[in-house]
Amino acid sequence: MDTEIVRGIGLVVVLGVGLQWLGRRTGIPSIVLLLAGGLAVGPGLGWVDPEQVLGDALFPVVSLAVGLLLFNGGLELDLAELQGGARRPVIRLVVIGAVVTWLLTALATHLVFHEPVRVSVLIGAILIVSGPTVVGPLLRLARPTDPSATILRWEGILIDPIGATLGLFCLNAFFIESFTISEIWSELIAVALAGAAVGVAAAALLVAALRHLLVPDDLEVPVTLMLVVAAYWAAEWVRPEAGLFATTAMGLALANQKRVPMRQVRTFGQPVVALLIGSLFIVLAADVDAGALEDHFLGGLVLSAVLVVVVRPVAVALATVRSHLRPRDRAFLACMAPRGIVAASTAALFALRLEAIGQPSTVLVPAVFAGIIPLAVVVGVGSI
């Protein structure tokens, strides 16, 4: 058993980093290679069983790793970038765009998979997210000019905690408790504020410690990592699902304070991010049920086509009206609709929760993954 666990961890790390390396060398989008690699060693060959390797810790570990990725993404967000024409489109994309994407995706899911409305609404919430794990590599390949690059980078980071939290409240509203739509949004705002408060407090604590030279240089990065993890778990304790908001807000606060430099933390963050991204994609793809994915893959292709051709263009059109963006910028934003780690991890986590309360959904995980994979290929290859 121990040998299988060591082999599983080894394969996850080797493939997670190695396939990104291969992607950089060949020009093939890394997300495509990582998803293929995870499916191959998981449901394909049976070499990696994530639930056997990590057990009950699988999804808490995945959620924390996503939080670390969002912290690193927040470190790259300089508020000065939003002084021009990017601020309004970003705000409207993560509010108006999120609502439009949620409702249209829920409708498309209901029509394609013939699932009950409550399952379709849950899947719609999950597929709101995009995230830095997929947007960042695609931006490196496509090399768009500003303000498109800035808008996509900000949207990709800010939308992840929003989508994950909205998915949680849809789960509660339609399967566990009884919430109205207005109550869902009020709860979402409460969670966002709670998480942001914890994240800003953690950032202030770190800045104070660094400014007063309380942290040795060689411990600056470990102490930062410690406080990110502490902020995540503290926010989760205050309000479930607030952890992602906390880590995002902490990164954003540190990026925009002027009291202490963050250069060392940013430099260290890049290899950690590469390792986390690769490992997460391999682990989540390896955990997919091959039979269920095959059964729903055709529907996933149809859903992906609807997301690319209808949902994203409509959401961008409504969110950028009167924004003074050039037509080519609006067109580029409308073409970028990838989904990644957060969508995959929340789908897997919610599937377990539905099973635990006796209302399992056989379509939730395969439908989300069947939507992620074609979008990764289409958007990724189209950006080369």
Side-chain angles (χ1 to χ4, degrees), residues 35 38-39 42-43 49-51 56 58-60 62-63 66 98 101-131 134 159-177 179 184 240-241 244 280-281 283-307 311 337-376:
L35 287 172
L39 291 171
D49 184 349
E51 294 187 9
D56 293 338
L58 173 60
F59 294 106
V62 168
S63 184
V66 171
T101 301
W102 174 33
L103 298 178
L104 290 182
T105 304
L107 176 62
T109 301
H110 179 65
L111 295 176
V112 171
F113 293 104
H114 306 292
E115 285 293 292
V117 171
R118 59 182 183 171
V119 175
S120 301
V121 169
L122 178 60
I123 294 175
I126 293 171
L127 288 175
I128 285 175
V129 303
S130 55
V134 285
I159 199 67
D160 273 4
I162 292 173
T165 308
L166 179 60
L168 176 68
F169 288 121
C170 288
L171 180 74
N172 289 332
F174 299 111
F175 292 92
I176 301 174
E177 302 175 26
F179 290 152
I184 291 175
E241 298 301 316
L244 297 185
L280 286 172
F281 269 114
V283 165
L284 291 173
D287 199 47
V288 174
D289 184 320
L293 181 62
E294 184 178 353
D295 291 341
H296 296 96
F297 196 75
L298 181 59
L301 288 175
V302 176
L303 179 61
S304 296
V306 173
L307 289 173
V311 176
R339 269 71 176 175
I341 288 295
V342 177
S345 60
T346 52
L349 178 59
F350 293 165
L352 286 180
R353 292 188 179 183
L354 290 178
E355 186 174 341
I357 63 175
Q359 300 186 59
S361 171
T362 58
V363 77
L364 179 57
V365 172
V368 171
F369 262 87
I372 290 173
I373 295 170
L375 282 172

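Within 6.0 Å of atom CG in L111, more than 12 heavy atoms from other residues, nucleotides or ligands are found, so the atom counts as buried in its surroundings.
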- CA sep, side-chain torsions, deciding dist, call: I128, T105, side chain to side chain contact (heavy atoms under 4.5 Å, CB included): CA-CA 8 Å; I128 285 175; T105 304; over 6 Å; no

- Task: Could you go through the side chain to side chain contact (heavy atoms under 4.5 Å, CB included) check for L354 and V119 one step at a time?
- Result: CA-CA 10 Å; L354 290 178; V119 175; 5.8 Å; no

- Query: For F113 and I123, what are the C-alpha separation, side-chain angles and deciding distance, and is it a side chain to side chain contact (heavy atoms under 4.5 Å, CB included)?
  - Reply: CA-CA 11 Å; F113 293 104; I123 294 175; 5.7 Å; no

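A donor-acceptor contact shorter than 3.5 Å links the side chain of H110 to the backbone of E115. Judged purely by atom type and a 3.5 angstrom limit, W102 uses its side chain to pair as donor or acceptor with the backbone of V121.
When all heavy atoms of P43 and G38 are compared, the pair lying nearest together is CD-O, 3.8 Å. In terms of heavy atoms, I126 sits closest to A347 at CD1-CA, 3.9 Å. Between A351 and L364, the closest heavy-atom pair is N-CD2, 3.6 Å.
Using a 4.5 Å heavy-atom cutoff, the side chains of L303 and L127 are in contact. Using a 4.5 Å heavy-atom cutoff, the side chains of V306 and L104 are not in contact.
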